[in-house]
2 protein chains.
Amino acid sequence: MDTEAIKDKIVQGGLKFTHQRMVIYEAVSKTHNHPTAEWVYEQVHEQNPSISLGTVYKTLDTFVNANIIQKFVDNNGVMRFDGIMEAHSHLYDNETNEIRDYRNQELEKLIKEFFDKNKIRDFEVEDISVVIKGHNK
Amino acid sequence: MDTEAIKDKIVQGGLKFTHQRMVIYEAVSKTHNHPTAEWVYEQVHEQNPSISLGTVYKTLDTFVNANIIQKFVDNNGVMRFDGIMEAHSHLYDNETNEIRDYRNQELEKLIKEFFDKNKIRDFEVEDISVVIKGHNK
DNA sequence: ATTATTGCAAAGCCTTTGCATCCTA
DNA sequence: TAGGATGCAAAGGCTTTGCAATAAT
């Protein structure tokens with residue numbers, strides 16, 4: 001994703017374009033590691049020592065509200081961010097805390113069809129994902 | 001669940017039986033509210049003002065390690081406990097943070113069959129659950 | 001008697017907040 | 001230039017830790 005594409009992403013989210021937002025979005029979108037705020041901070045800090053951790057937190061939150069990144073919580077209660085917006089499931093490694101994507105169209109179709117058929121009473125579903133816990137072998 | 005049954009549960013977990021463990025297990029098992037440590041503390045504190053919050057945390061953790069309760073993390077990164085050990089999914093209300101159980105045999109069967117058929121390379125699955133985010137209506 | 005458990009308070013980790021300064025549109 | 005974004009430091013919420021006192025086998 002080049003500078004222009006990132007700028008578009010940010011502006012499309014209805015946000016002002018700033019240098020901080022640029023490099024923070026870049027860091028999140030370039031990895032598949034489900035980064036923590038701390039990890040993002042370390043990435044951007046190398047080239048931009050003046051960016052503060054607080055700004056990283058605020059900016060990531062702004063992105064989540066603008067719907068250009070996703071946020072979720074890992075098994076230790078730490079916030080994780082993800083530039084991939086399509087629905088997908090996660091593999092949580094109980095031993096290393098690594099989180100890997102698990103994408104499978106058949107599974108997604110299966111689940112979508114199930115919930116289309118089985119509406120939940122009194123509950124408006126916004127997002128469904130499968131959490132798979134275990135360990136790498 | 002009466003006193004004897006709780007005692008059995010604790011002893012079966014390979015743990016010493018103490019008064020604190022008794023009342024803490026009782027509080028967790030009597031609710032379907034996916035309690036936080038704080039909630040458990042408030043419950044037991046009424047009748048047992050000497051039990052400390054630290055003991056509640058340690059005891060809940062001990063129970064998790066002994067496999068007699070489950071632990072997971074809510075959308076805000078707060079630990080939740082659950083006396084129900086069978087696999088089941090959760091409905092997360094984004095607005096109220098309430099967590100409700102969602103049990104559906106057909107869904108569980110669907111998912112079990114899917115993963116029996118589709119082994120994940122290099123990953124040993126220990127637990128699968130479906131996370132459904134949305135809001136009550 | 002020995003070893004684990006408890007209570008208390010302090011410390012830790014991650015995250016949010018407040019406010020003055022700075023910058024984008 | 002007006003209003004939002006940033007940097008910094010302080011505070012906040014939840015959880016863990018250390019240690020002396022206590023209780024269970």
Side-chain angles (χ1 to χ4, degrees), chain A residues 3 6-28 34-42 44-45 47-66 68-69 71-81 97 99, chain B residues 3 6-25 27-28 34-42 44-66 68-69 71-81 97 99:
Chain A
T3 310
I6 295 177
K7 180 164 183 175
D8 287 352
K9 250 305 184 199
I10 293 172
V11 174
Q12 278 163 30
L15 306 173
K16 284 187 184 171
F17 179 78
T18 67
H19 177 66
Q20 290 85 337
R21 285 175 177 175
M22 158 80 194
V23 294
I24 290 171
Y25 186 85
E26 189 178 27
V28 173
H34 313 89
T36 61
E38 187 70 34
W39 184 92
V40 173
Y41 173 69
E42 282 162 16
V44 302
H45 193 78
Q47 302 291 325
N48 308 82
S50 72
I51 296 181
S52 70
L53 182 56
T55 295
V56 172
Y57 272 102
K58 281 177 192 162
T59 303
L60 289 170
D61 233 47
T62 303
F63 289 166
V64 171
N65 291 329
I68 62 177
I69 67 172
K71 167 175 163 173
F72 62 98
V73 176
D74 74 14
N75 289 331
N76 298 307
V78 176
M79 300 299 171
R80 301 290 194 134
F81 300 88
N97 292 319
I99 300 172
Chain B
T3 309
I6 295 177
K7 180 164 182 177
D8 286 352
K9 252 300 185 202
I10 293 172
V11 173
Q12 278 163 30
L15 306 173
K16 284 186 183 172
F17 179 78
T18 67
H19 177 66
Q20 289 86 337
R21 286 176 177 175
M22 159 80 195
V23 295
I24 291 171
Y25 186 84
V28 174
H34 311 90
T36 60
E38 188 69 34
W39 184 92
V40 172
Y41 173 69
E42 283 162 15
V44 303
H45 196 256
E46 288 176 24
Q47 302 292 326
N48 308 81
S50 72
I51 296 181
S52 70
L53 183 57
T55 295
V56 171
Y57 272 102
K58 282 176 192 163
T59 303
L60 289 169
D61 234 48
T62 302
F63 288 167
V64 171
N65 290 329
I68 62 176
I69 68 172
K71 168 175 164 173
F72 60 99
V73 177
D74 73 15
N75 289 331
N76 297 308
V78 176
M79 298 301 171
R80 302 290 195 135
F81 300 88
N97 293 319
I99 300 172

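Since this is a predicted model, take the numbers as computed values, not measurements. Lettering follows sequence order; numbering is per chain, from 1.
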Checklist outcome for this item: Rounded to the nearest 0.5 Å, the CZ atom of A/Arg80 sits from the OG1 atom of A/Thr36 at a distance of 6.0 Å
Item to check | Distance in angstrom units between B/Phe81 CZ and D/dT15 C1', rounded | outcome: 10 Å
Checklist entry - Is the shortest side-chain N/O distance from B/Gln20 to OP1 or OP2 of D/dA23 below 4.0 Å? => result no
Checklist entry - Rounded to whole angstroms, how far apart are CG on B/Leu53 and C1' on D/dT16? => result 11 Å
Checklist entry - Between atom CZ of B/Arg21 and atom CD1 of B/Ile6, what is the distance when rounded to the nearest 0.5 Å? => result 14.5 Å
Checklist entry - Is there a side-chain polar atom (N or O) of B/Ser50 under 4.0 Å from OP1 or OP2 of C/dT6? => result no
Item to check | B/His34 side chain to B/Asp74 side chain, donor-acceptor N/O pair below 3.5 angstrom | outcome: no
Next on the checklist: Whole angstroms only, please: what is the OH-P distance between B/Tyr41 and D/dT16?
Outcome noted: 17 Å
Item to check | Selection from D/dT15, D/dA5, C/dT15 that lies nearest to any side-chain heavy atom of A/Arg21 | outcome: D/dA5
Item to check | Where B/Tyr25 and B/Ile68 come nearest, the two heavy atoms and their spacing | outcome: CE1-O, 3.9 Å
Checklist entry - Considering only D/dT15, C/dA4, D/dA5, which nucleotide approaches the side chain of B/Lys16 most closely? => result C/dA4
Item to check | Closest heavy-atom pair and its distance - A/Thr55, A/Ile24 | outcome: O-CD1, 4.3 Å
Checklist entry - Whole-Å distance between D/dT15 P and B/Lys71 NZ? => result 8 Å
Item to check | Whole-Å gap separating C1' (C/dT6) and CG (B/Leu15) | outcome: 15 Å
Next on the checklist: Measuring to OP1 and OP2 of D/dT6, would you say a side-chain N or O of A/Thr59 lies under 4.0 angstrom away?
Outcome noted: yes
Checklist outcome for this item: Judged by nearest nucleotide, the residue sitting upstream toward the 5' end of DNA chain C, A/Thr18 or A/Glu38, is A/Glu38
Checklist entry - Does any N or O donor sit under 3.5 Å from an N or O acceptor when you compare the side chain of A/Lys58 with the base of D/dG4? => result no
Checklist entry - For C/dG7, does either OP1 or OP2 sit under 4.0 Å from a side-chain N or O belonging to B/Thr55? => result yes
Next on the checklist: Could you tell me how far apart A/Phe17 (CZ) and D/dA5 (C1') are, to the nearest whole angstrom?
Outcome noted: 14 Å
Next on the checklist: Using whole Å, what does the distance between atom C1' of nucleotide D/dT22 and atom CD1 of B/Ile51 come to?
Outcome noted: 14 Å
Item to check | Interatomic distance where OH belongs to B/Tyr57 and P belongs to D/dG13 [whole Å] | outcome: 12 Å
Checklist entry - Which comes earlier along DNA chain D counting from the 5' end, the contact point of B/Asp61 or that of B/His19, where each point is its nearest nucleotide? => result B/Asp61
